[in-house]
Amino acid sequence: MSIIEVRNLKKSFGPLEVLKDISINIEKGDIVAILGPSGSGKSTFLRSLIDLEEIDGGDICIEGKYLAKDGVYPSEKEKRKILLKTGMVFQHFNLFPHLNIKKNLMLAPLLAKQDTKENIENLAKETLKKVGLSDKINVMPSTLSGGQKQRVAIARALMLQPDIVLFDEPTSALDPELTGEVLNVIRNLAKEGNTMLIVTHEVGFASEVANKVVFMEDGYIQAVGTPDEVIKNQTNERINAFLNKVK
Ligand SMILES: Nc1ncnc2c1ncn2[C@@H]1O[C@H](COP(=O)(O)OP(=O)(O)O)[C@@H](O)[C@H]1O
Ligand SMILES: [Mg+2]
């Protein structure tokens, strides 16, 4: 069973058909890089997978359970149960500015009654260590650099111990000298066998880290395959033009 199965997904905003017919299977442990021009629906696709956008048609099946079937959704309670195991990191970090780093990390697991407070606190320490920020546990978000904030945002998503982590352009809001530290954290998560979908313009990073590369344009997946197939040995002129532009 694939960890995510998407069949004939359709999504419009009014008259604008953003996702016309998207089908893809994602396997456990896949690192999927999603490339494509701005406005091609990459964010809409990721947001659909975690119910931030309601789709108009098609199926989204996560770990064997339908989040949407023929565009029809189950109850809120059922949706929450299905999505409990999916975490998302956005381009903008959205840390809670009035809470220190430890509290930022502990908030969602406490609300979800994931574990005892003590265990959640230990998990926060462990997770911060994973992103290389153990020394920042008691500081406020405003004292961190952009790269550090994004690493905390990644740690916060990991606190819910997701089976699937989605990243929407995790480095595009960062100065170039700060992207490396965030890509390193993602690289390490990839090595741990997590299942991850990463929308990125970092073609080099996608080639190195992903085992599956998706190119989206005009509402369709125009190409899907290994980095060699989709990036290195690409013969489609339009896709090559895009790759050369962002490289
Ligand atoms: N909530 C919305 N309402 C109306 N149009 C939207 C909305 N969200 C996205 N769009 C439009 O859908 C298209 C795809 O957007 P998006 O998924 O953000 O693309 P990408 O992430 O690939 O840049 C764009 O034309 C965008 O303007
Ligand atoms: Mg986007």
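In listed order, ligands and their atoms are each counted from 1. Just the heavy atoms: all of them, side chains too, but no hydrogens, waters or symmetry mates, feed the values below.
With respect to the salt-bridge test (charged N to carboxylate O, under 4.0 angstrom), the residues K129 and E126 do not qualify. Salt bridge K10/E17: absent, no basic N to carboxylate O contact under 4.0 Å. Salt bridge annotation for K65-E78: absent, with no cationic side-chain nitrogen under 4.0 angstrom from a carboxylate oxygen. Residues E54 and K11 are not paired through a salt bridge, judged by the lack of any N-O separation under 4.0 Å between the basic side chain and the carboxylate. A salt bridge between K79 and D51 is present, with a side-chain N of the basic residue lying under 4.0 Å from a carboxylate O of the acidic one.
In this structure, atom 18 (O) of ligand 1 lies nearest to the protein heavy atom S43 CB, 3.7 Å. The protein heavy atom nearest to atom 12 (O) of ligand 1 is V18 CG2, 3.2 Å. Remark: minimum distance from atom 3 (N) of ligand 1 to any protein heavy atom is reached at F13 CD2, 3.5 Å. Shortest contact from atom 16 (P) of ligand 1 to any protein heavy atom: T44 OG1, 3.6 Å.
Polar contact check, G39 against ligand 1: a nitrogen or oxygen pair lies under 3.5 Å apart. Ligand 1 has a nitrogen or oxygen under 3.5 angstrom from a nitrogen or oxygen of S40.
Residue S43: an N/O/S atom is found under 2.8 Å from the Mg ion (ligand 2).
Residues that satisfy the ring-ring contact (aromatic ring centres under 6.0 Å, His included) test with F167, not counting sequence neighbours, are absent from this structure.
The presence of a protein heavy atom under 4.0 Å from atom 8 (N) of ligand 1 is confirmed. There is no protein heavy atom closer than 4.0 angstrom to atom 26 (C) of ligand 1.
Looking at S38, P37, G41, S12 and measuring to atom 19 (O) of ligand 1, the nearest heavy atom belongs to G41.
I4 pairs in a side chain to side chain contact (heavy atoms under 4.5 Å, CB included) with only one of the listed residues (I24, N25, L197), which is L197.
Shown here is K20, whose NZ atom has more than 12 heavy atoms of other residues, nucleotides or ligands within 6.0 Å.
When heavy-atom distances to ligand 1 are checked against a 4.0 Å cut-off, L16 comes that close only through its side chain, counted from C-beta outward.
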